[in-house]
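Heads up: the structure comes next, in structure tokens.
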Protein chains: 2
Amino acid sequence: MTQARRESGGRPRRPTMVDVAREAGVALRTVSRVVNQDPTVGPEYVTKVEAAIAALNYRPDDRARQLRTGVTGTIGAAVRRIAEVNPELAAIERTARDAGLTLFAASTDFDEKREHDILISMCRQRLDGIIVEPFGENHAYLQPELDAGVPLVAMDRPMSGISVDCVMSDNASGIGMAFHHLHRHGHRRIAYIGDSERVYSGRERAAAFRAALGAHGEPVEGLVHPGEITPERVAAALDTALHGPNPATALVTGNMDTTLAVLRHLGPQSASRLALVAFDEVPLADLLQPALTVIAQQTTEIGRTAVELLRARIVDPARPVQSVVVPVTLKVRGSGEVPV
Amino acid sequence: MTQARRESGGRPRRPTMVDVAREAGVALRTVSRVVNQDPTVGPEYVTKVEAAIAALNYRPDDRARQLRTGVTGTIGAAVRRIAEVNPELAAIERTARDAGLTLFAASTDFDEKREHDILISMCRQRLDGIIVEPFGENHAYLQPELDAGVPLVAMDRPMSGISVDCVMSDNASGIGMAFHHLHRHGHRRIAYIGDSERVYSGRERAAAFRAALGAHGEPVEGLVHPGEITPERVAAALDTALHGPNPATALVTGNMDTTLAVLRHLGPQSASRLALVAFDEVPLADLLQPALTVIAQQTTEIGRTAVELLRARIVDPARPVQSVVVPVTLKVRGSGEVPV
DNA sequence: GCTCCTCGGGATAACGTTATCGCGAGGATA
DNA sequence: TATCCTCGCGATAACGTTATCCCGAGGAGC
């Protein structure tokens, strides 16, 4: 009786509640009650229905249940890459699971159109809420969705054009800590290479670095290099900073990809002659020589907070929009303590 | 007109096709035709309906559509970790997208119960198909789902207890290539440390290594160390292999986590005195000193093939079960060419 | 012994979409 | 001018579930 019947040459049709009810000799509604563990069902009915369920290999259809109840028990996460190291996403999945929510994750893949498509698709699926690591520059197209009550939380960066809950790292403090750490180790010519100022975090970190230079009375020229993260651009910035008239003795990198580009360009031999503090953790940072001193984001806390903000928004769509800033920490491992 | 009406203090209700039809003064079915771009609709109706859609910010409900049509346009992927480096998953997402399919990915998290829950949940959601990187030891509980016509493909490892399509790397050849590469560089005492033989790939790779030793007339004792991947176990295996009466001069590691444990235990200084070929790519392998020589899996090809097998299974549920073995390649970078 | 209440189960109407069918208008043909 | 298509839209029934009623049986109270 395991073979499901096929309908006219197509795929086999799964048994429904109606089939189970017929098999058990009870009403449709009673099967629903048993499936949902309604305590008002008599034990002999429970037995009969469960036997029928087992005999038919009945499996409830979540789509129908969701359509009827209105909730999906699922939240969406639109992040830049799901299949890369992404501790925030891991924390989101864990927190969601603990809250009894299913997570639906998709990669925006550094593509504005793809981000748009994914978010709209999530809206059409009527997910209970959406967490997005924004990439695009204008999210005003989501305003109708917000008006319609779609719970939305931004992670890592705020969204532009709309007002939504947001959780992100304390970029300015992190850059300040990196600068201060190198300054305390005697460095005076400290350079910064980071992401383009077109990107929010790139903008914020470059600004913080300029402010740190100013606060310590250091000149700015030739030391701050935001821009696209290509090997060529990073190499050029590095050459300007290190081989100019007044060469830098220390470097702060603004994000992981910049850090990797710098390490690859420096090569093994010269990497140990430059003091380096990197913003953001790098996989295997402890296996490099010297091991990498980093400003680490509290990624788990960020992911957890994103889910909590979303859950609060789901419960109360009218609550005031909230922004959470999570502190960063300095992890001393060697590369940041290279003397002048 | 952007504010959606609320129903008795709850969440705002999104407009439906009925609302659009009323607003446009046409029949429900006509709205459906416009939304689905049915060419048999007169242009003046299209205009009216599209105006109503824009005015109400109507967004179709995919759940209802899926319930009605039977297909979801979504495939599921149950992998061990979504938020870690996982090129197979990246390839799956890309291939699925190119085929017009949405990907729903979830982490089994090295937990047999969690794997079970995820797979059953995917069945209840009536996804069009499922790709699984199996972890558990017995998947016979999926037989009813297979009988019901759920398309299922295994990736990286076969499934036990049921017969499903499968795509995986040529483990045996890879281990053979690693051994042969070291042998050709003059090494005669070559050790192997890898995953437990409880795991399919661990079993297959350890067996292949024993076979390689035998084929070259080398003794086996003290050289083959499968087991749990804990720092302590790997360290003990390493000590046995390197400091025994007849110490090994070269090492093959059976997977990424073992490789990392070995590198961490050896430390920077001694890593360059042991010839090492690692099975599976390691992130930043090129930045290590010496850079890591690896047996690389064709991860993109594996992910792509998994989706193709699944699509073929969806189209023809009755087609014979197929197993695809993808070759591996040797990537020479330095660590495998350390002389005796 | 009759009424009232409670308790457990059944019929039926949603949820929002698509598929099937039918029907009226208009043009082509005889 | 009558008939037959064809074309384009509308009414209505599903899809598989849950929620809202209602009803019948049984026990308690007078």
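The chains referred to below are lettered A, B, ... by the order of the sequence lines, with proteins before strands, and numbering in each begins at 1. Owing to the predicted nature of the structure, the values given are computational and were not obtained by experimental measurement.
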Using a heavy-atom cut-off of 4.0 Å across all strands, would you classify [X] as base, sugar-phosphate, or nothing?
{"X": "B:Thr16", "answer": "sugar-phosphate"}
{"X": "A:Thr40", "answer": "sugar-phosphate"}
{"X": "B:Val35", "answer": "nothing"}

Could you check whether [X] pairs with [Y] (Lys NZ or Arg NE/NH1/NH2 to Asp/Glu carboxylate O, under 4.0 Å)?
{"X": "B:Arg14", "Y": "A:Glu145", "value": "yes"}
{"X": "B:Asp109", "Y": "B:Arg114", "value": "no"}
{"X": "A:Lys113", "Y": "A:Asp117", "value": "yes"}

Task: Residue whose closest nucleotide on DNA chain D lies nearer the 5' end, B:Tyr45 versus B:Arg68 - done: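 Whichever sits nearer the 5' end wins; that is B:Tyr45.
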TODO: Specify the residue among B:Thr30 and B:Leu67 whose closest nucleotide of DNA chain D lies further upstream toward the 5′ end.
DONE: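 Its nearest nucleotide lies further toward 5', so the answer is B:Thr30.
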Rounded to the nearest angstrom, tell me the gap between atom [atom1] in [X] and atom [atom2] in [N].
{"X": "B:Asp19", "N": "C:dG16", "atom1": "CG", "atom2": "C1'", "answer": "10 Å"}
{"X": "B:Asp38", "N": "C:dT17", "atom1": "CG", "atom2": "P", "answer": "17 Å"}
{"X": "A:Gln125", "N": "C:dG16", "atom1": "CD", "atom2": "C1'", "answer": "15 Å"}
{"X": "A:Arg14", "N": "D:dT17", "atom1": "CZ", "atom2": "C1'", "answer": "15 Å"}
{"X": "A:Arg124", "N": "C:dT18", "atom1": "CZ", "atom2": "C1'", "answer": "13 Å"}
{"X": "B:Arg126", "N": "D:dG16", "atom1": "CZ", "atom2": "C1'", "answer": "9 Å"}
{"X": "A:Leu56", "N": "D:dG16", "atom1": "CG", "atom2": "P", "answer": "14 Å"}

Open item on the list: How close do B:Val31 and B:Val20 get, counting heavy atoms only, and between which atoms?
Closed with: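 For B:Val31 versus B:Val20, the nearest heavy atoms are CG1-CG1, 3.7 Å.
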Open item on the list: If I compare all heavy atoms of B:Met155 with all of B:Ala306, which pair ends up nearest, and what's the gap?
Closed with: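 Answer, listing the atom of B:Met155 first, then B:Ala306: SD-CB, 4.2 Å.
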Task: Distance in Å, B:Phe135 CZ paired with B:Asp156 CG, rounded so as to fall on 0.5 Å steps - done: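 Those atoms lie 13.5 Å apart.
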TODO: Quick one: pull up OG1 in A:Thr72 and CZ in A:Arg65 and give me the separation to the nearest 0.5 Å.
DONE: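 Reported to 0.5 Å precision, the distance equals 12.0 Å.
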Of all the choices, [options], which nucleotide is nearest to the side chain of [X] once you look at every atom?
{"X": "A:Arg29", "options": "D:dA19, C:dT18, D:dT18", "value": "D:dA19"}
{"X": "A:Leu28", "options": "C:dT17, C:dA19, D:dT18", "value": "D:dT18"}
{"X": "A:Met17", "options": "D:dT18, C:dA19, C:dG9", "value": "D:dT18"}

Open item on the list: Whether A:Ser32 contacts D:dT18 is assessed here as follows: a side-chain N or O lying under 4.0 Å from the phosphate OP1 or OP2. Is that the case?
Closed with: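 Looking at the OP1 and OP2 atoms of D:dT18, one of them is under 4.0 Å from a side-chain N or O of A:Ser32.
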- [ ] Would you jot down, in residue-number order, the residues of residues 58-66 of chain B having a non-hydrogen atom under 4.0 Å from DNA chain D?
- [x]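 Going residue by residue through residues 58-66 of chain B, none turns out to have a heavy atom under 4.0 Å of DNA chain D.
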Task: Residue closer to the 5' end of DNA chain C, B:Arg33 versus A:Gly25 (nearest nucleotide) - done: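 The residue whose closest nucleotide sits nearer the 5' end is A:Gly25.
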